[in-house]
Structure formats: C-alpha cells, structure tokens
Asks: 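The structure that follows is given in the form of structure tokens.
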Amino acid sequence: MNEENLKHVQNIVEAALLAAGRPLTVDQLRELFEEHERPARQVMEHVLMLLEEACAGRGFELRKVASGYRFQVRQDFAPWVGRLFEEKPQRYSRALLETLALIAYRQPITRGEIEDIRGVTVSSNIIRTLQEREWVRVVGHKDVPGRPAMYATTRQFLDYFNLSSLDELPPLAEIRDLEEIGREIEREIQAEIQFDSPDASEPDDFSAAGNEEASASRDGSSPLTTPDEDPSQSNTTLH
Amino acid sequence: MNEENLKHVQNIVEAALLAAGRPLTVDQLRELFEEHERPARQVMEHVLMLLEEACAGRGFELRKVASGYRFQVRQDFAPWVGRLFEEKPQRYSRALLETLALIAYRQPITRGEIEDIRGVTVSSNIIRTLQEREWVRVVGHKDVPGRPAMYATTRQFLDYFNLSSLDELPPLAEIRDLEEIGREIEREIQAEIQFDSPDASEPDDFSAAGNEEASASRDGSSPLTTPDEDPSQSNTTLH
Amino acid sequence: MTEPESGSEELQEQPAVAPTEEGGQAPVARVDGKPVSDLPQDLYIPPDALAVFLEAFEGPLDLLLYLIRRQNMNILDIDVSEITRQYMDYISAVEAMRFDLAAEYLVMAATLAEIKSRMLLPRQEVEEDEEDDPRAELIRRLQQYERFKKAAEDVDSLPRMERDTFPNSAALPELQRGDAHPSVDLREVLLALQGVLQRAELFTSHHVEKERLSTRERMSSILAMLPADRFIPFESLFTREEGRLGVVVSFLAMLELVKEELIEIVQAETLGAIHVRARTSK
C-alpha cells in the first residue's frame, strides 16, 4: 500500500473513531471498507500507530481499551473540559442555613437539639448535604437514650467562610443587635415619613451612632473585616 | 499571547469540542477558562482558525453552524463512516421537503400559505414530523380569522443541514419578471382584438410567439440573484 | 430514527424524481415491476399505472409542471388548450377508476377549463383582462411552485447530518468533580440564625446565649480526638504551642464536656496520671 492510500485509510479510520462514540476493534474498522479495498490487519494496525503519532501534542489521544480503540480527551485538559459538565448550583434552603448556623454556634449539637430550637424537624437530606459538603461532621454520640449523633463544623467550613477559628464568627449578641438596629432604622424611616422632614442630618446621626455601637460590641476584635461582609455595617450605612 | 499559550488554548478548545460532542459558541469556549486566563474573543476566533487549519488533510473538519463550532466528519469520508451505523440515512418525501423549504424560505408562514403555494393540503403528519425533529416550531399566530399558527425554522434545523444562518440557504430561484410577461400578454391580446379573429388556432399562435420572446428576455439574465424576493411584489406589478 | 412519513408518502418518493427530468428517460412509475417511462400518447394508461402516476405528483401544480415540461414548453408560454386537454384526459381517466381523486385536481381542472374558454372568446375590453387575467394567475402560481420545488431539491442536497457528515466526539478523561455546590455568603448564615433566634424566642423559653465559641469549638475537637474504646493521657489533649490561653481553653472545654457527661476522666491514684475517655461512641 502506498503512502497516499495509507493516508486515505488513516483519514477514514480517524473519522470513524470520532463519529462512532464508542471503541472500535481492528476488525470493525476493516469492515468499513469494501472487500476489494479492505486493508490487511497489519496495515490497519500500522495505520492506528500512525494515527496515534498524529495526535501527539494535540487535545486528544488514541487509546486502546478492552473493546477496541477510541479517541480520548487528554487528561491534561480535564480541568477545562470538566467545566462543560458543571451544573449550575442551586441555592440552599433557609432550613439548611439555619441548621448550619445552629451547628456552628452550638456545637457539638444533636439533631434533636437543633429541632428543639428551630421548632421543626430537620430533614436527613439537610444533614447529609452538609456532610457531603464537608462543612459538618459527626464528632461523637451523646450518651442519652438513642445515642444521637453530635454534629460539629469542620476545618473546611472555616476555610470556606474565611475564618481562622470559630472565634471569628460574630458573637450572638451582635446578631441580636443587628436586628435591633434594623428595627431602629425602620422606625427612623417611619418617623421621617410622618414628620415629612427630609432632613439629611438625622439619618447621618443615626448611622454614626449605629456604627459606634457595632464596633463597641465587637470589643476590638474584628470578626468580619471587609465592610460588605458585615451586615450591621451595611445596615447602618443604608441612609 | 505567545505561541505556546496559543497552542495551549488550541488544545483545550479541541479537547472541549470533542468532549462536548455538540456545537459550542465562542463565548461558551471562553467560559471554560478561569477569568485570569480567559482569552479575548478575537484570540478565541484566531485559535478556531488555527484549529480549522490544523484539520486540513485529516478525516474531520471544524465547522461553524448555527449553535456554534463543532468537529464533524468530512463529507468525503461519509460513505465509509456511514457503514458504522446500521440504519441507512433517512430519506425525506418530496411533500416534507417542499413544506420544509417553504417554511425555511418564507418564514414565518402559516399552513394555509404553504398550501396556497403547493396547491395541495399539507398533511398534519408532515408538520408533526418537522416539529418532532425540532426543525420547525410555531413562532406565533397570525392575526386573521382562525388565528393560524405561523411556523419558522429552528437552530437545530440549521445545525442539521450544516448551516450557520438562513443566509447560507441556497438562493431561491428568482421569479422571472412578471411585469414584462404581463405586458407581453397584453400586447398579444391587443393584437388579437385588433385582428378580431377568434380562431381556435389563435392561442397556439399566441403561445408560440410568446415562447420566442420570453426565451430572448431570459437570455443572459441570471435566474438566481436575491434569495428572498417577495412574490407579492411581483404579483402587484403584474397588472 | 423514525420514519417521518406514512407509507404512502414513501411511495411517492421513488417516481417523483422522474417528472423533473426532461425527455422522460427515467421511469415515471412502475407497474408490476416494469418501469413506465412515459405515458402513452394515445392515453391508454393501465389503470394501476395511472393511480401510481398521480401519486407521484405533489398536487395539480406539480402535474401541470410535468405536462408543460413534457411538451418542452416554457411556463410563460403555456399552450393552455393543449395542456388543458392533456390534464383533463389524465384526471378523467383517474376519475373513471378512482373516486377519491383529490379535490385540488378537480379545482385545477375547472380553472383550466375556464382559462381555455376565456382564451377562445374575443376580448371585449382591455381593462377587464388587466384586472383579472386567469392565465397570468396560473402562470404566477406555477412559477411560485416551481421555485419552491427547486428549493426543496436544494435543501435535500445540502450536506446533512447522518448522511453526509457525522458529529465528532471523544471519550472523556477522568473529570474532577467541579465545585457544583451553591455558594453561601456568611451573611446568609447569620440572617438564618437571626431567624431561628427570633422564632426560638417566640416558641420556647430556650436560651441561646452568647457562648464562648472557642470553648465550644475546642469541645468538638477534643471529642473528635478521643477514642471511645480506650483512655488516652490527659496531657495529650493540650498543645504546648498554643500557649497559656490555649491550655485554658482546652481545660474549660474538658470541664464543660465532663459537665455534659460527654467524657470521662479517671485518675487511678493520687497524683497519678490522668486519663480521658469519651463517653460517647462514634
């Protein structure tokens, strides 16, 4: 077989392997040719070797697997190719976030204790999701009837939220203040509307006071450094 | 971007197109890269050009279709590759192809309008088949009594027929200048009236005379010019 | 892949090619396996052949186009008399044996008859013809149809999937599981907690107080370190590098764990080694 013929066979084999979407054996590849033009087995194997060489330095390679030959995307490109198949993540439910918050602040905590505080049952799905995400793990079982698992947060949880330790979580007191501040803002707005006095100084005063309070309650420690991460800050600077 | 980087991007694009097995747009390809390494649109287009060149003389080619770029088997090798699949490529009836062509060239078009031009009723089977293949879809309803559905072709239609846009459809044969024909007929009729000879052979004579003139007028004029010429226009100029 | 058409439409496929060819070399129909390449001029058509013959056409316009082509006529110069005669002959022959001849064919027959009769009559007024020339209308329709008949052939000859080309793909490499998880902002967690606290206050007298988080965290980590089945030395639970504060936190955490009966601390003899064991199972 001359070089031109070889190239022709090589192109057909290449096209067939790319179109098949499954591995093809040497004989299956030979079957693509009519009898009078069918390459011998050795020729086909030679062509496959040429094809393998032709893939050098490209995005895909020829691989021999149990059921024949196939083209395969090179492992090197998996990080990019993988993004093709990423599903758009959905958002977590409020129930899940509440559960996570309780585990973070009250660990080690059992499911029953979470349910007591939330006033509703916690679905197994939520716990499983949190465990799969590796934010939460079982640290033991409480020595009470039923021996319920006790949950705690993980290193990965801290890493994800950019915390070096649980200390950096805003203290519960502050979260309550936050709520207070929110209510105060609302009151202010109501007052403004009632008195119909769009005085610019009022909100500014309030906001300054709010800021003071927030920083005071944090006691010099800074659980959340960037302003956009701090809900109390954004609340007070609303006006 | 240096040559090495370009080669890297080219390999990733090649890998991704083969991994996807479906067309990908320039933007979809760019999204595979993280922000800091994401190639500009022009760079991506350049890479696609390089990739196309790299396929020269091989079994497959890079093709731009409506939904993006894809790798596909070169037409030259389809006869061999086709043997991979037991099912023979489907043949479509003339009725279906005519209906499809009318929708493609005249969209949006109602079933009634298709029937007017074809001179026969369009079977519901045909419309259903075209919709099931996702070549055709309802794009609205005409504001006339009965509010008939208006059909148009889809991206899948373009993808299937290797087109990147409707502009790439083969140009529609131009209707011969009807205004001129109208004038010819008029002249003939005038002549007939003048000679006032309602002989049975007249129409034949008339027709023969018209024959000469018409072929003369068609000489040298290209029958294929604009792909989309409004038939209603020719209609109005007829009289 | 599924057959898009009913069987009858497949039938149309084969002979349909014939009318487009000039000179009638290709068979227009097959009767008992024998090709019928042209219809006899004397119009003797075997009944079966005629049925198949008509099915080969996509309607009256298609049939008319075929007749015009066969006469080597230009559409623009249809010899209405001759075409009408042939058309009528065909459809009356079909009608004679088939009752379900499509209405469209009959309408066309009527149209042709009307055109023919008009052509035979002396023209009275030019205006009338200009406004309502049935022949021009027929020509217009034939031209329109011819355009799209050609367009259908063009579409059919476009290189298409599954016949002229095939999409390419390659097997995937091993893919790392991407980060398909939802992203969460810490503020969302805090807001969620705020919600819980609010409700907790409403529903129960639960006290969720400000906690020494470092202690609770240490409680978790100590629990995680402790094997349930054996004691480990008390000292091993402290990390020297953490300094005094760390030791205090660990100690407080252990006291809390003892209080909650989660761990057990034993000392075999006075001033002897202290050992710790989890009272919980893992």
Side-chain angles (χ1 to χ4, degrees), chain A residues 3-4 6-25 27-35 37-39 44 47-48 50-51 53-63 68-86 88, chain B residues 3-4 6-25 27-35 37-39 44 47-48 50-51 53-63 68-86 89:
Chain A
E3 213 164 294
E4 201 183 316
L6 272 182
K7 182 73 186 152
H8 181 68
V9 173
Q10 183 181 330
N11 279 338
I12 289 172
V13 170
E14 181 172 58
L17 286 172
L18 285 170
R22 60 185 158 93
L24 297 173
T25 63
D27 282 335
Q28 282 170 327
L29 287 167
R30 290 177 62 236
E31 297 269 311
L32 298 178
F33 296 85
E34 281 184 62
E35 235 175 312
E37 51 163 19
R38 187 167 297 155
M44 188 54 84
V47 163
L48 284 162
L50 292 175
L51 209 45
E53 286 169 7
C55 290
R58 301 199 65 157
F60 60 104
E61 61 193 338
L62 186 69
R63 290 285 282 269
Y69 290 85
R70 75 173 180 208
F71 281 121
Q72 186 170 316
V73 170
R74 277 184 201 280
Q75 189 66 47
D76 303 349
F77 304 115
W80 291 272
V81 168
R83 293 199 187 106
L84 279 174
F85 305 97
E86 271 172 23
K88 271 274 170 286
Chain B
E3 213 164 294
E4 200 184 317
L6 274 181
K7 182 70 186 156
H8 180 65
V9 174
Q10 184 182 329
N11 278 338
I12 289 172
V13 170
E14 182 172 62
L17 288 173
L18 286 174
R22 62 182 162 89
L24 296 175
T25 64
D27 282 335
Q28 282 171 329
L29 288 166
R30 291 178 61 234
E31 294 275 312
L32 299 178
F33 296 83
E34 280 184 65
E35 229 164 299
E37 53 163 19
R38 187 168 297 156
M44 187 54 84
V47 163
L48 285 161
L50 293 175
L51 207 47
E53 286 169 7
C55 292
R58 303 197 63 156
F60 62 106
E61 63 186 343
L62 184 69
R63 175 89 198 177
Y69 290 84
R70 74 173 172 217
F71 281 122
Q72 61 183 44
V73 169
R74 274 183 201 283
Q75 206 171 336
D76 305 347
F77 306 117
W80 288 271
V81 173
R83 294 195 190 114
L84 277 175
F85 308 100
E86 279 188 14

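All chains are named by letter (A, B, ...) in the order of the sequence lines, taking the proteins before the strands, and each is independently numbered beginning at 1. What's counted below: heavy atoms across the whole structure, side chains too, no hydrogens, waters or symmetry copies.
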Asks: Shortest non-hydrogen contact from A:A15 to B:G59?
Replies: CB-O, 3.5 Å
Asks: Counting only non-hydrogen atoms closer than 4.5 Å, does B:F85 touch chain A with its backbone (N, CA, C, O), its side chain (CB onward), both, or neither?
Replies: side chain
Asks: Could you have a look at B:V81, B:I12, B:D76 and say which one has the most heavy-atom pairs with chain A under 4.5 angstrom?
Replies: B:I12
Asks: Within this structure, what is the CZ-CG distance for the pair A:R58 and B:L51, rounded to the nearest 0.5 Å?
Replies: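 These two atoms lie 6.5 Å from each other.
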Asks: Is chain A contacted by the side chain of B:E34, its backbone, both, or neither, given a heavy-atom distance below 4.5 Å?
Replies: both
Asks: Examine whether an atom of B:A78 lies under 4.5 Å from a heavy atom of chain A, and if so say whether it belongs to the side chain, the backbone or both; otherwise answer neither.
Replies: neither
Asks: Return the CH2 to CG distance between A:W80 and B:N11, rounded to the nearest 0.5 Å.
Replies: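 If we round to the nearest 0.5 Å, A:W80:CH2 and B:N11:CG are 10.5 Å apart.
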Asks: Do A:L84 and B:L32 have side chains that get closer than 4.5 Å, going by heavy atoms?
Replies: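 In contact.
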Asks: Could you tell me how the ring of A:F60 sits relative to the ring of B:F60: parallel (under 30°), tilted (30 to 60°) or perpendicular (over 60°)?
Replies: perpendicular
Asks: Give, as side chain, backbone, both or neither, the part of B:L17 having an atom under 4.5 angstrom from any heavy atom of chain A.
Replies: neither
Asks: Looking at B:E53, I'd like to know if its CD atom is crowded, meaning that more than 12 non-hydrogen atoms belonging to other residues, nucleotides or ligands lie closer than 6.0 Å.
Replies: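 More than 12 heavy atoms, drawn from other residues, nucleotides or ligands, come within 6.0 Å of this atom.
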Asks: With a 4.5 Å cut-off on heavy-atom pairs, point out which of A:Q72, A:H8, A:E31, A:Q28 contacts chain B the most.
Replies: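 Most heavy-atom pairs under 4.5 Å with chain B: A:H8.
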